[in-house]
Amino acid sequence: MSQEHQRSISSENVLASRTPILSERSEKQTIAFELSDKNGSQLEIVGTAQDEPSLTRLNASGHIDQLQRQYSLLSICSTSVTIDCAWVALGGSIVIGLSNGGPPGIIWELLVACFYYSFIAASIAELASSIPSSGGVYHWASVTAGRFGRIVGFFTGFVNFYGWIFALASIVFIPANVFVDMYALFHQDTYKRQSWHVYLAFVLINVSCLMVVVFRNRWLPFIQRMGSVAVVGGGIVTVVILAALPRQHASVASVFTTWSNQTGWPSGVAFLTGMLNGAYTIGTPDAITHIAEELPNPKRDLPKAVAVQMIIGTLTSFAFAIAIMFAITDLDAVLNTGTSFPLAEIYHQATENTAVTFILLLLIILAQVGCVLGTYTVVGRCWWALARDNATPFSEFFSQVSIDLSCPIPSTVFCCASVQFFSLSFLLCLGFGAIQLGSPTAFSDLVGSFVILTTTSYLLAILPHLLSRLSISGPNVPVGPFWMGKFLGPIINAMAVFLILLTNTLYCFPYFLPVEQASEMNYNSVILVGLVVLTVLWWFVHGKGRYPGTHVPNSDLIGFGMV
């Protein structure tokens with residue numbers, strides 16, 4: 001290559017930092033250089049005998065950029081806060097934890113969950129800083145697992161996608177329940193709650209959010225910034241109202257020390273299984289990593305966004321947990337509401353005012369707007385990332401992107417249709433039809449499966465990363481701006497692996513003892529095994545022979561290769 005040509009590349013601020021890679025692609029000769037810019041992309045110079053060399057920008061996933069890099073640091077941090085929406089998630093799943101120790105269980109189990117998720121979040125931030133890709137854990141597992149990366153990445157990608165489908169289903173059921181409760185507040189004498197009412201609201205929310213994500217994708221950064229204000233501001237307003245309005249508050253002892261275990265398990269086991277509520281509250285550290293290819297500077301900004309999510313999520317959920325526990329005056333009434341969302345009962349107990357209860361529920365709706373839209377964005381990108389690597393059925397169709405709308409429309413629509421069908425069949429058929437739509441047990445399985453599936457996908461990326469960095473050849477990923485170092489990194493990775501294995505085992509335990517009928521079982525382990533079996537079948541039908549694996553730019557320069 002001539003010096004004049006090299007100078008022209010430098011004038012574009014594209015600097016090669018490594019030796020060129022030569023490869024044959026059809027009848028083309030490709031020379032790829034790693035860029036020194038901040039988005040993890042590289043320059044590819046493609047030339048043939050028929051045409052002049054042309055420049056193509058590849059991102060960290062090895063694909064050409066197709067989505068607009070429209071998220072600023074503020075926008076991506078806002079998105080991490082809204083998708084987590086921690087205090088709403090805590091309130092939405094509170095029925096899961098109230099039996100596991102009562103108010104003290106909710107508070108202390110939340111703090112322990114936030115503590116152990118900090119190790120997971122740090123490990124994810126490190127990998128996101130190294131390889132910022134919309135595939136997230138799917139791409140990282142493909143790289144960290146070295147010569148086993150093709151099959152490990154394949155399973156990781158599908159398990160992560162399944163987890164986010166469960167996340168979307170459980171998240172949308174929260175505002176669906178809230179809308180029904182808001183109507184019921186003013187029709188208490190005439191209205192009788194039905195399961196199909198909740199599902200109808202669920203469908204309407206899904207379709208509305210799909211339309212926004214597909215046709216108004218360019219509005220999402222602004223919506224997420226406003227959504228973060230609703231999350232933080234709504235949380236503060238709710239805490240103040242719950243602290244100020246009640247005529248009487250629960251005692252300090254009942255909130256922090258009076259243990260109430262109604263699960264049938266020994267108290268120690270009840271505490272550990274009750275951490276599921278806290279895990280659901282804070283358990284979205286990989287969410288914004290799937291938007292990596294829509295950031296100008298993902299290597300530096302993604303770790304910051306993960307940290308913001310963990311800090312704000314912990315603070316807001318902890319403050320909300322204390323406020324709400326002091327506001328409960330009749331715990332039995334909360335436990336016996338018969339629904340998966342008892343916040344309306346708690347708010348009414350605290351305020352003794354229908355209008356104020358309505359306003360507090362409305363704050364949840366406002367906070368959930370950014371959450372549902374962000375989750376739709378994430379799950380659509382998960383499926384799209386698999387499709388463009390030919391991992392999914394009809395991958396050519398699902399890998400399509402609307403450049404004008406900056407959205408993978410087929411994948412996003414598919415996720416909407418999937419969550420509609422999945423949620424109805426799951427909630428109606430689980431336990432041979434014994435579990436009603438929106439019941440506490442069904443919602444617990446949605447929550448548990450989201451936590452178990454996503455953390456299992458994290459495990460499949462973090463464990464091989466830990467093993468490779470302890471090996472003689474060193475880590476299989478390039479060092480990013482956020483790197484935990486030779487000594488601290490393995491310790492944090494090892495803690496993340498241990499805690500995922502421990503908690504995932506505990507979250508498969510039955511919620512209550514004794515288990516007297518099928519509807520009282522914990523189906524999380526069955527769901528996990530069933531989805532893994534489904535993926536195994538798809539691997540032998542399609543993946544083993546037709547899935548080529550991921551391509552990460554300059555992978556062969558840092559000591560690893562795909563199989």
Checklist entry - Please walk me through it: do Thr354 and Thr357 pass side-chain hydrogen bond (donor to acceptor under 3.5 Å, both in side chains)? => result CA-CA 5 Å; Thr354 300; Thr357 300; over 6 Å; no
Item to check | Trace of the side chain to side chain contact (heavy atoms under 4.5 Å, CB included) decision for Ser251 with Phe326 | outcome: CA-CA 7 Å; Ser251 66; Phe326 272 110; over 6 Å; no
Next on the checklist: Determine whether Phe318 and Ile107 satisfy the following criterion, side chain to side chain contact (heavy atoms under 4.5 Å, CB included), listing intermediate values before the conclusion.
Outcome noted: CA-CA 7 Å; Phe318 181 62; Ile107 292 173; 3.7 Å; yes
Item to check | Evaluation steps, ring pair (Phe, Tyr, Trp, His ring centres under 6.0 Å), between Tyr191 and His197 | outcome: CA-CA 11 Å; Tyr191 175 70; His197 298 165; 5.4 Å; yes
Checklist entry - Does the side chain to side chain contact (heavy atoms under 4.5 Å, CB included) test come out yes or no for Thr156 and Trp140, once each step is laid out? => result CA-CA 9 Å; Thr156 302; Trp140 308 334; over 6 Å; no
Checklist entry - Should Ile124 and Ile120 be marked as a side chain to side chain contact (heavy atoms under 4.5 Å, CB included) after you check the CA-CA gap, both sets of side-chain angles, and the distance that decides it? => result CA-CA 6 Å; Ile124 285 175; Ile120 299 173; 3.9 Å; yes
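Each side-chain hydrogen bond (donor to acceptor under 3.5 Å, both in side chains) pair with one or both residues in residues 212-222, not counting sequence neighbours, appears once here: Asn217-Arg381.
Remark: the backbone N or O of Glu126 is not paired with any side-chain donor or acceptor of Ser129 at under 3.5 angstrom. A donor-acceptor pair under 3.5 Å links the side-chain atoms of Gln188 to the main chain of Leu185, judged by distance alone. Checked by atom type and distance alone, the side chain of Gln309 never pairs as donor or acceptor with a backbone atom of Cys77 at under 3.5 Å. Side-chain N or O atoms of Thr258 include one that pairs as donor or acceptor with a backbone N or O of Ala253 at under 3.5 Å. Gln349 contributes a side-chain N or O that, together with a main-chain N or O of Asp330, makes up a donor-acceptor pair within less than 3.5 Å.
For the residue pair Tyr138 and Asn160, no side-chain donor N or O sits within less than 3.5 Å of a side-chain acceptor on the partner. Side-chain atoms of Thr456 and Asn504 include a donor-acceptor pair closer than 3.5 Å. Judged purely by distance below 3.5 Å, without hydrogens or angles, the side chains of Asn206 and Tyr376 pair a donor atom with an acceptor atom. Remark: the Asn353 side chain and the His348 side chain contain no N/O donor-acceptor pair separated by less than 3.5 Å. Ser170 and Tyr280 share a donor-acceptor pair across their side chains, judged by distance under 3.5 Å alone. Using modelled atom types and a 3.5 Å distance limit, the side chains of Thr273 and Trp265 yield no donor-acceptor pair. Side chains of Ser75 and Ser78: a donor-acceptor N/O pair is absent below 3.5 angstrom, by distance only.
Ring geometry for Phe320 against Tyr347 counts as perpendicular: the plane angle is over 60°, on a 0 to 90° scale with 30° as the lower cut. Taking the six-membered ring where the residue is Trp, Trp108 and Phe256 present tilted rings, their angle falling between 30° and 60°. Below 30°, between 30° and 60°, or above 60°: for Phe173 and Tyr199 the angle between ring planes is between 30° and 60°, a tilted geometry. Using the six-membered ring where Trp is involved, Phe115 and Phe119 have ring planes that are perpendicular, over 60° apart on the 30 and 60° scheme.
Atom CD of Gln248 has 12 or fewer neighbouring heavy atoms from other residues, nucleotides or ligands inside a 6.0 Å radius. By the 6.0 Å contact criterion, CZ on Phe222 is open, its count of non-hydrogen atoms from other residues, nucleotides or ligands being 12 or less. Heavy-atom contacts from other residues, nucleotides or ligands closer than 6.0 Å to CZ of Phe186 number more than 12.
Annotation: the span from Ser525 atom OG to Phe509 atom CZ amounts to 10.5 Å, rounded to 0.5 Å. Ser267 OG to Asn100 CG: the interatomic distance, rounded to the nearest 0.5 Å, is 10.0 Å. A distance of 10.0 Å separates CG in Leu67 from OG in Ser402, rounded to the nearest 0.5 Å. Here Met310 contributes atom CE and Ile282 contributes atom CD1; the two are 4.5 Å apart, rounded to the nearest 0.5 Å. In this structure, Leu220 CG and Thr377 OG1 are separated by 5.0 Å, a value rounded to the nearest 0.5 Å. Taking OH of Tyr116 as the start and CG of Leu502 as the end, the distance is 8.5 Å to the nearest 0.5 Å.
Exactly one residue among Thr375, Val419, Thr284 makes a side-chain contact (heavy atoms from CB on, under 4.5 Å) with Ile171. That residue is Thr375.
Counting heavy atoms from C-beta on, the side chains of Phe512 and Ser99 come closer than 4.5 Å. At a threshold of 4.5 Å between non-hydrogen side-chain atoms, the residues Phe482 and Lys299 do not count as touching. Counting heavy atoms from C-beta outward, Tyr162 and Thr454 have side chains that stay 4.5 Å or more apart. Pro285 places a side-chain heavy atom less than 4.5 Å from the side chain of Tyr458. Looking only at side-chain heavy atoms (C-beta outward), Cys114 and Leu110 come within less than 4.5 Å of each other. Under the 4.5 Å side-chain criterion, counting only non-hydrogen atoms from C-beta, Glu294 is in contact with Ile291. Between Thr503 and Leu272, every side-chain heavy-atom pair lies at or beyond the 4.5 Å cut-off. Inter-residue side-chain proximity for Tyr507 and Met275 is flagged as met; some heavy-atom pair is nearer than 4.5 Å.
At a threshold of 4.0 Å, the pair Arg69-Glu293 does not count as salt-bridged, since none of the basic side-chain nitrogens sits closer than that to a carboxylate oxygen.
Annotation: side-chain contact (heavy atoms from CB on, under 4.5 Å) contacts of Ile359 (sequence neighbours excluded): none.
Looking at every heavy atom in both residues, Gln368 comes nearest to Pro175 through NE2-CD, 3.5 Å. When all heavy atoms are compared, the tightest approach of Leu302 to Pro132 is CD1-CB, 4.0 Å. Closest of all the heavy-atom pairs between Pro103 and Leu98 is N-CD2, 4.5 Å. Nearest heavy atom pair, residue Leu210 against residue Cys416, reads CD2-SG, 3.7 Å. Of all the heavy atoms in Ala243 and His249, the pair that sits closest is O-NE2, 3.0 Å. Here the shortest heavy-atom pairing between Trp87 and Thr316 reads CB-O, 3.9 Å.
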